[in-house]
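Read the structure below first, then the notes.
Residue numbers begin at 1 in each chain, while the letters A, B, ... track the order of the sequences.
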Amino acid sequence: MKNRIAQLLANATDKLHQDGVLPEPIDSSSITIERARDNSHGDFASNLAMALAKKAKRKPRDLAEALVAALAEDEAIEKVEIAGPGFINFFLKLASLNQVIGKVLSAGSEYGRSNTGKGQRILLEYVSANPTGPLHVGHGRGAAYGSALAKLLGFAGYQVEQEYYVNDAGRQMDILATSIWLRYLEAGGAELTFPRAGYKGDYIRDLAAQLRQQHGDQFDHSSAVVFADQPEDEAHSDNDSENPSGDKEAHIDGLIGRAKQLLQENYATVHAHGKDVIVADIRQDLSEFKVEYTTWFEESSLVISGAVKRAFDQLNDAGHLYQRDGAWWFRSTTFGDQKDRVVIRENGEPTYFATDIAYHLQKLERGFDQLTDIWGSDHHGYVPRVKAAISALNQDPDRLEVLLVQFAVLYRGDQKMSMSTRSGEFVTLRELRNEVGIDATRFFYLMHKSDQHMEFDLELAKSNSNDNPVFYVQYAHARICSVLRQLADSDRKLDSVSSNYELLVEPQEQNLIALLDRFPELIENAARKHEPHTLTYYLRELANGLHSYYNAHQFLVDDEVLCCSRIELIRAVQTLLVSGLDLLAVGAPESM
RNA sequence: GCGCCCGUAGCUCAACCGGAUAGAGCACCGGCCUUCUAAGCCGGGGGUCGCAAGUUCGAGUCUUGCCGGGCGCACCA
């Protein structure tokens, strides 16, 4: 409908151009049509007259008069008015608005699907948390956002693949392996002071216990040997005066080295045990949270396959690398980064950045038109260097799009919760799901714009879960189902009755019809702008419309034609409630 | 110090490419169940859109400065 009005206006501008009112032809794509916010402004409005006033050297209202006079007749339009500073308001005939009910019912779950994306291939990478522990509530937001966005993009005609990048190489994983091993030694009776920089969560003890169960005591070493000649650890508390000046990072690195040295080939067993169990746990966790990936891509495979080496060589051959202080640096400042970055450390190990360059190159080579990464906003400073690397590899940096998700700050009542994986003090996504429920958790996350800070109050989410808007939307769906059930259980046969949407003149009915009509463009915008939260707002509005209607009017009335018409309207509403909730991967229960 | 993000009702958040009188939920006040689920509906109070300039027919939205908050500025990931 929007396009139809835009076309009418475009034709009118052509006419005015020919008549000499407008100095030059108007690009029809620049004509904007808005949905009127207020009923008194009709159904659609255009600011065209105000936008062109300057160019035409005429007053907006005069120009609006001329445009309206030049408009061709259209059977869908009831009347056209000029209002305010020069808005052109379009009032549509009921008959043309009401047609949307039939459209929704015949298209069903396909209503709103578009080809906006034209089949463009997108690789959406999200969560990608280090497999060093269970996912916490911060990861949950990225998981909900990424999975909903993937569905939205798919519905808007993009070809989307979802990927989890498993960071299974590097120092953090060594810290994990060493932490497990130390807990394993403790479980075997060793007395030791657990390193400050180690992973302290209880799950580490569980992993250690499993290790002892599967491999017995073959990894045992005396703690005296393990801790001999290690750099001092940082004090475990502020008033620990015995070792005030220790370095926790040097200490843990020393322990990692000792672990590798003492365990030899068994170190890989410990390392793999931690990774395998935790990755499996993450996979299950996300799957239960309705997050489904196309691929799980392991960072270590890039090292093994030589992709890291190839990326390094390619950068080096192009003259973008140099050596300094024993390390290899990428001259990212050439491409707008604030400083150059190390890719190969002094000790010969590639940095995380080096493997990430290889990873992004590899993703581009897999033939995607667009790489979309969803990162925690704390990584925003990392964007320029990755884009710099892509440029240096002679690729278009715009093919990488990074969406930043602000962390959800978790509160338990008034108390802010820590979310450090290292300290082991965090609320897991699983705990959150179990306490709040999957549907409510997803909806709650998705209610807010992803780049907006968000407060997640656990106490509120738990104790007042009935106040959660998701129930409000689901209830609307359940109510419709209930009405339809009662109709089916009755003796009435409406099949032979044909509906007449002209009868749907109540304000609540007109409101719902307008909402149905808005759905396709809402989906298109939500997908294009990566804003699934607009869908949650829409669904609340749609549910509100239904609840108001429900309270104001009886659907199962004696008048068969009216009854049939109303039933078809609420079936259309039901269709979109299901579609919308499905795009958010939230359930639509038939009764509550 | 430099860079990125954010300041909207008491609280949590919206506002389509700059549009008409800035909207919801929670909380508060007052109504509505002999009728399809009251997990609902209807009405009411509540605002210096952080502050100040600028751009223009028009600014919560764009520009600049300031104030306040978050994050980043590793041979960690």
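For the pair A/Ala169 and A/Gln406, nearest-nucleotide mapping onto RNA chain B gives the more 5' position to A/Gln406. Heavy-atom distances to RNA chain B give each of A/Arg479 and A/His380 a nearest nucleotide, and the one nearer the 5′ end belongs to A/His380.
For A/Arg37 and B/U21, the shortest distance from a side-chain N or O to OP1 or OP2 is not below 4.0 Å. At least one side-chain nitrogen or oxygen of A/Asn544 sits closer than 4.0 Å to the OP1 or OP2 atom of B/C41. Here A/Ser548 reaches the OP1 or OP2 of B/C42: one of its side-chain N or O atoms lies under 4.0 Å away. A close approach under 4.0 Å does not occur between any side-chain nitrogen or oxygen of A/Lys449 and OP1 or OP2 of B/C6. Between A/Tyr550 and B/A39 there is no side-chain polar atom (N or O) within less than 4.0 angstrom of OP1 or OP2. Residue A/His533 places at least one side-chain N or O under 4.0 Å from the OP1 or OP2 atom of B/A15.
Here B/C73 is in the anti range [glycosidic angle more than 90° from 0].
Counting distance only, with no hydrogens placed and no angle test, the side-chain atoms of A/His379 and the base atoms of B/G72 include no donor-acceptor pair under 3.5 Å. Side chain A/Asn89 to base B/A20: a donor-acceptor pair is found below 3.5 Å. Side chain A/Asp378 to base B/G72: no donor-acceptor pair is found below 3.5 Å.
For A/Gln406 and A/Ser377, the side-chain atoms include at least one donor-acceptor pair closer than 3.5 Å. Between the side chains of A/Tyr164 and A/Glu298, no donor-acceptor pair of N or O atoms lies under 3.5 Å. A donor-acceptor pair shorter than 3.5 Å can be found between the side chains of A/His530 and A/Glu401.
Among the atoms of the strands shown, only primed sugar atoms or phosphate atoms (P, OP1, OP2) are found under 4.0 Å from some heavy atom of A/Arg540. Residue-level contact check: A/Ser377 touches the backbone only, with heavy atoms under 4.0 Å from sugar-phosphate atoms and none from bases. At the heavy-atom level, A/Ala53 lies nowhere under 4.0 Å from the strands shown. A/Phe353 comes within 4.0 angstrom of no nucleic acid atom, judged by non-hydrogen atoms across all strands.
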Output a table of nitrogen or oxygen pairs between the protein and nucleotides 9-12 of chain B separated by less than 3.5 Å.
unit_1 : atom_1 : unit_2   : atom_2 : d
B/U12  : OP1    : A/Glu455 : OE2    : 3.4

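Each of B/C36, B/C17, B/U21 was ranked by its minimum atom distance to the side chain of A/Asp38; first place goes to B/U21. Of the candidate nucleotides B/C13, B/C36, B/C41, B/C13 has the atom nearest to the side chain of A/Gln452.
Comparing B/U56 with B/C62, their C1' atoms are spaced 11 Å from each other, to the whole Å. Between B/A15 and B/G72, the distance separating the two P atoms is 26 Å to the nearest Å. Rounded to whole Å, the separation between the P atoms of B/A39 and B/G47 comes to 32 Å.
Partner assigned to B/U8 is none, using Watson-Crick or G-U wobble distances below 3.5 angstrom.
B/A20 has A/Phe87 stacked on its base ring, the centres lying under 5.5 angstrom apart and the planes within 30 degrees of parallel.
For the side-chain contact (heavy atoms from CB on, under 4.5 Å) with A/Glu163, the qualifying choice from A/Tyr359, A/Trp296, A/Tyr126 is A/Tyr359, the only one to do so.
Cation-pi contact between A/Arg540 and A/Tyr537: present, with separation from the ring centre below 6.0 Å and deviation from the ring axis of at most 45°. For A/Arg518 and A/Tyr538, the positive end is not near the middle of the six-membered ring at less than 6.0 Å and at most 45° from its axis.
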Assess the residue pair A/His360 and A/Val386 against the criterion (side chain to side chain contact (heavy atoms under 4.5 Å, CB included)); give the C-alpha distance rounded to whole Å, side-chain angles, the decisive distance to 0.1 Å, and a yes or no.
CA-CA 8 Å; A/His360 282 89; A/Val386 177; 3.9 Å; yes

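As rounded to whole Å, 17 Å separates atom C1' of B/C13 from atom OH of A/Tyr445.
With respect to the salt-bridge test (charged N to carboxylate O, under 4.0 angstrom), the residues A/Lys363 and A/Asp373 qualify.
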